[in-house]
K.L.:
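Structure below; questions to follow.
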Amino acid sequence: MRPRPGAALLLALVLPLAGCAVVPAPATSASAQAWAQRRDEMSRLEHWLLQARIAAGRIGWSGNLHWRQSAGHFDIRVSGPLGSGAVQARGHLGEVEIRTARETVVTREPEALLQQSLGWSLPLERLRYWALGLPYPDTPATVIYDSVGRLQVLEQDGWRLEYAEYGFYQHYELPRRFTLDNGDDHFRVVVDAWSEIG
């Protein structure tokens with residue numbers, strides 16, 4: 001969903017600098033300050049658990065997403081209705097173990113392997129940040145945020161994300177519904193539960 005008409009939106013370029021600096025944002029802009037504060041707060045989240053529903057629109061597939069992030073390590077499970085077509089990816093991006101019903105493979109290119117095995121793939125390295133309403137910190141991005149600093153549109157590394165709804169989980173306001181599209185793959189994500197873990 002595109003940002004609501006009349007919403008106070010600012011467009012900024014995110015450079016690949018530490019802290020994901022936004023320029024040029026006027027120092028007096030309340031929305032720019034709100035975005036900077038939100039970005040800094042969300043960037044500190046390293047240990048969390050997310051449960052969501054996900055649909056791959058162009059191939060007509062839908063299922064459940066279970067994501068556990070512990071600093072640089074992740075355990076991601078995607079499964080269709082009643083657990084069908086389950087896939088698990090766990091490890092860190094230097095070495096990922098992917099399990100399907102047919103095989104277990106260790107790879108340094110998990111996204112390519114998922115594409116080969118399933119016919120679709122999620123941008124795992126970037127989705128860790130995108131699910132929190134943040135740009136991936138290591139590549140340039142274009143962001144649009146609203147008057148209270150919530151990310152509304154993100155374009156990065158060939159993907160366009162649109163954030164349709166936010167919700168409160170514990171004491172954080174995080175994306176509840178968003179879409180991802182790169183021209184070939186289109187995903188819709190609805191977050192059912194999110195929690196910070198120790």
Side-chain angles (χ1 to χ4, degrees), residues 1-55 57 65 67-72 74 122-183 185-198:
M1 178 176 128
R2 297 191 181 278
R4 295 184 299 273
L9 300 177
L10 292 176
L11 183 62
L13 177 66
V14 177
L15 299 178
L17 302 174
C20 208
V22 176
V23 295
T28 58
S29 168
S31 53
Q33 292 175 4
W35 161 245
Q37 181 178 351
R38 172 180 291 275
R39 183 195 63 215
D40 292 345
E41 180 183 18
M42 296 297 104
S43 295
R44 291 192 290 269
L45 293 175
E46 293 190 326
H47 303 273
W48 45 266
L49 179 65
L50 177 148
Q51 296 178 22
R53 287 164 284 153
I54 185 168
L65 171 67
W67 187 308
R68 184 184 184 94
Q69 186 75 39
S70 298
F74 56 79
L122 289 169
L124 301 180
E125 185 174 6
R126 289 152 184 76
L127 191 57
R128 168 189 172 183
Y129 297 91
W130 294 349
L132 299 178
L134 294 172
Y136 176 63
D138 292 342
T139 58
T142 299
V143 301
I144 298 175
Y145 47 87
D146 66 11
S147 60
V148 293
R150 295 175 302 196
L151 192 60
Q152 299 290 286
V153 177
L154 167 64
E155 293 183 356
Q156 188 171 34
D157 297 330
W159 288 85
R160 178 183 174 89
L161 286 84
E162 297 188 4
Y163 294 84
E165 181 183 346
Y166 282 75
F168 283 95
Y169 305 91
Q170 294 181 332
H171 55 282
Y172 297 101
E173 188 178 21
L174 294 165
R176 170 166 162 71
R177 290 193 299 122
F178 59 96
T179 60
L180 307 89
D181 196 301
N182 68 356
D185 296 312
H186 178 84
F187 297 97
R188 298 187 310 275
V189 179
V190 179
V191 177
D192 294 315
W194 183 95
S195 59
E196 189 175 16
I197 57 177

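We number each residue from 1, following the sequence as shown.
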K.L.:
So which heavy atom on Val153 is nearest to which on Leu151, and how close?
P.N.:
O-CD1, 3.6 Å
K.L.:
Any idea which heavy atoms bring Pro175 and Gly133 closest together, and the distance?
P.N.:
CG-N, 3.6 Å
K.L.:
So, for Ser31 and Tyr145, which heavy atoms are closest and what is the spacing to 0.1 Å?
P.N.:
O-CE1, 3.5 Å
K.L.:
Would you find more than 12 non-hydrogen atoms of other residues, nucleotides or ligands less than 6.0 Å from Arg176 atom CZ?
P.N.:
yes
K.L.:
If we only count heavy atoms from C-beta on, is the Trp194 to Gln170 side-chain gap below 4.5 Å?
P.N.:
yes
K.L.:
How about Leu50 and Gln69: do any of their side-chain heavy atoms sit closer than 4.5 Å?
P.N.:
no
K.L.:
Measure from the side-chain N and O atoms of Gln37 to the backbone N and O of Arg39, and report whether any donor-acceptor pair falls under 3.5 Å.
P.N.:
no
K.L.:
Glu196: which residues meet the salt bridge (charged side-chain N to carboxylate O under 4.0 Å, His left out) condition with it, sequence neighbours left out?
P.N.:
none
K.L.:
With sequence neighbours left out, what residues match Tyr166 under ring-ring contact (aromatic ring centres under 6.0 Å, His included)?
P.N.:
none
K.L.:
Can you say whether the rings of Tyr136 and Tyr129 are parallel (under 30°), tilted (30 to 60°) or perpendicular (over 60°)?
P.N.:
perpendicular
K.L.:
Under the side chain to side chain donor-acceptor pair (under 3.5 Å) definition, can you give me all pairs with a residue in residues 46-55, not counting sequence neighbours?
P.N.:
Arg53-Asp192
K.L.:
If you take all heavy atoms of Leu134 and Leu154, which pair is closest and at what distance?
P.N.:
O-CD2, 4.0 Å
